[in-house]
*Asks:* 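For reference, the structure I am asking about is given below.
Each residue takes its place number in the sequence, starting with 1.
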Amino acid sequence: MEDQPDLMDKKAPEPFMEFTLKYDPWTHKAQEYKMDCSKACCARPHMRAFHLAWTSFLIAFIAWFSFAPLMPVIRDTLGLSNKQILVANVTSVATTVLARFLMGPVMDVIGPRIVQSGVLVFSAIPLFFGGLIQNAAGLATIRGLVGVVGATFVGCQFWVSLMFEQELAGTMNATAAGWGNL
């Protein structure tokens, strides 16, 4: 059996840009975070990715739950029954669950930034046409298509986990998820 080369003898790869935060030279993941009002709060790439992740999740969360406060008006306007409203709600949750299962493998291949953006753009289209709903089937269809945006939670967590070392990933993921649910 050949001897394995010792990683300590090798030089760590150079990052593609200058990092402001302290980072691991091998993984290029941040070993610290800055939440103050300094320039380091938006330092590239780590803190900027953190802020883009939670902001994109916040936008998705607002879109995802945009129908809920309007449901009494939608019910009265379209003359829907409670069962029809329930079907639309279940459709929304079902597509969210399915999209979350699909989101992980797609992110492994394409990456979080592009997938997160794509899901937001995809969901914006049916959300825009939500005002044209005429019946229960239309409501269920639109809610189902908009429900896909709930998968951005996976993207948010994936993106943040890529940016921070294991010791910080829990804190940063919890912060991003909490701020995204504002």
*Asks:* Can you give me every donor-acceptor pair (side chain of residues 135-147, partner residue at least two apart or in another chain, under 3.5 Å) with its distance?
*Replies:*
from	atom 1	to	atom 2	distance (Å)
N135	OD1	A137	N	3.3
N135	OD1	G138	N	2.8
T141	OG1	A137	O	2.8
R143	NH1	N89	OD1	2.7

*Asks:* Same cluster for V87 and M71 if Ile/Leu/Val/Met/Phe/Trp/Tyr side chains link at under 4.5 Å?
*Replies:* no
*Asks:* Heavy atoms only: give me the nearest S117-R113 pair and the separation to one decimal.
*Replies:* OG-O, 2.9 Å
*Asks:* Please go through L102's hydrophobic cluster and name the other residues, only I, L, V, M, F, W, Y counting, with side-chain heavy atoms under 4.5 Å joining them.
*Replies:*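 L102 clusters with L98.
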*Asks:* Do V148 and I114 belong to the same hydrophobic cluster, where Ile, Leu, Val, Met, Phe, Trp and Tyr are linked whenever their side-chain heavy atoms lie under 4.5 Å apart, directly or via other members?
*Replies:*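 Yes; tracing contacts between hydrophobic side chains, which count when under 4.5 Å, links both residues.
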*Asks:* According to the side-chain hydrogen bond (donor to acceptor under 3.5 Å, both in side chains) rule, which pairs have a member within residues 97-111, sequence neighbours left out?
*Replies:* none
*Asks:* Applying ring-ring contact (aromatic ring centres under 6.0 Å, His included), can you list everything that pairs with F101, at least two apart in sequence or on another chain?
*Replies:*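 Applying ring-ring contact (aromatic ring centres under 6.0 Å, His included) to F101 gives none.
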*Asks:* Any non-hydrogen side-chain atom of W64 less than 4.5 Å from a side-chain atom of S123?
*Replies:*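 No, every pair of side-chain atoms sits at 4.5 Å or beyond.
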*Asks:* Compile the donor-acceptor pairs under 3.5 Å between side chains in residues 173-182 and protein atoms, sequence neighbours left out, one pair per line.
*Replies:*
from	atom 1	to	atom 2	distance (Å)
N173	ND2	S161	OG	3.0
N173	ND2	A169	O	3.2
T175	OG1	T171	O	2.8
N181	ND2	A177	O	3.3

*Asks:* Measuring only between side-chain heavy atoms, which start at C-beta, is M163 closer than 4.5 Å to F50?
*Replies:*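 No, too far: nothing below the 4.5 Å cut-off.
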*Asks:* Calculate, to the nearest 0.5 Å, the distance between atoms CZ and SG belonging to F61 and C156 respectively.
*Replies:* 12.0 Å
*Asks:* Looking at residues at least two apart in the chain, or sitting in another chain, which of them share a side-chain hydrogen bond (donor to acceptor under 3.5 Å, both in side chains) with R75?
*Replies:* N82
*Asks:* Take a 6.0 Å sphere around CD of Q166 and say whether it holds more than 12 heavy atoms from other residues, nucleotides or ligands.
*Replies:*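 No, not enclosed.
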*Asks:* Partners of S56 by side-chain hydrogen bond (donor to acceptor under 3.5 Å, both in side chains), sequence neighbours excluded?
*Replies:*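 With neighbours one apart ignored, the set is Q116.
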*Asks:* Are V154 and V109 connected in a single hydrophobic cluster, I mean Ile/Leu/Val/Met/Phe/Trp/Tyr linked by side-chain heavy atoms less than 4.5 Å apart?
*Replies:* yes
*Asks:* Report yes if the side chains of F67 and I85 come closer than 4.5 Å at any heavy-atom pair, otherwise no.
*Replies:* no
*Asks:* Please identify each residue that fulfils side-chain contact (heavy atoms from CB on, under 4.5 Å) with I59, with sequence neighbours left out.
*Replies:* T55, L120
*Asks:* Going by the rule ring-ring contact (aromatic ring centres under 6.0 Å, His included), which residues pair with F158 if we only count those two or more places apart in sequence or in a different chain?
*Replies:*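 F158: no ring-ring contact (aromatic ring centres under 6.0 Å, His included) contacts found.
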*Asks:* S66 and P69: which non-hydrogen atoms are nearest, and at how many Å?
*Replies:*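 That would be O-CD, 3.5 Å.
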*Asks:* Give, for atom CD of Q157 and atom CZ of F153, the distance between the pair rounded to the nearest 0.5 Å.
*Replies:*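 If I round to the nearest 0.5 Å, the distance is 4.0 Å.
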*Asks:* Would you say T77's side chain and I74's backbone share a donor-acceptor pair under 3.5 angstrom?
*Replies:* no
*Asks:* Starting from I110, can I reach M103 by hopping between I/L/V/M/F/W/Y residues whose side chains sit under 4.5 Å apart?
*Replies:* yes
*Asks:* Does T152 reach the main-chain N or O of G155 with its side chain, forming a donor-acceptor pair under 3.5 Å?
*Replies:*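 No, the answer is negative, given that no donor and acceptor are paired below the 3.5 Å cut-off.
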*Asks:* Does some side-chain heavy atom of P45 sit less than 4.5 Å from a side-chain heavy atom of R48?
*Replies:*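 No, their side chains stay 4.5 Å or more apart.
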*Asks:* Tell me, please, which residues at least two apart from L86 pass side-chain contact (heavy atoms from CB on, under 4.5 Å).
*Replies:*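 side-chain contact (heavy atoms from CB on, under 4.5 Å) list for L86, sorted by chain: V90.
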*Asks:* Does V73 sit in a hydrophobic cluster with other residues, and if so which ones, taking ILVMFWY side chains as linked at heavy-atom separations under 4.5 Å, directly or through other members?
*Replies:* none
*Asks:* Taking the hydrophobic residues Ile, Leu, Val, Met, Phe, Trp and Tyr, and joining any pair whose side-chain heavy atoms are under 4.5 Å apart, which ones share a cluster with F128?
*Replies:*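 Once heavy-atom contacts under 4.5 Å are chained together, F128 belongs with I125, F129, L132.
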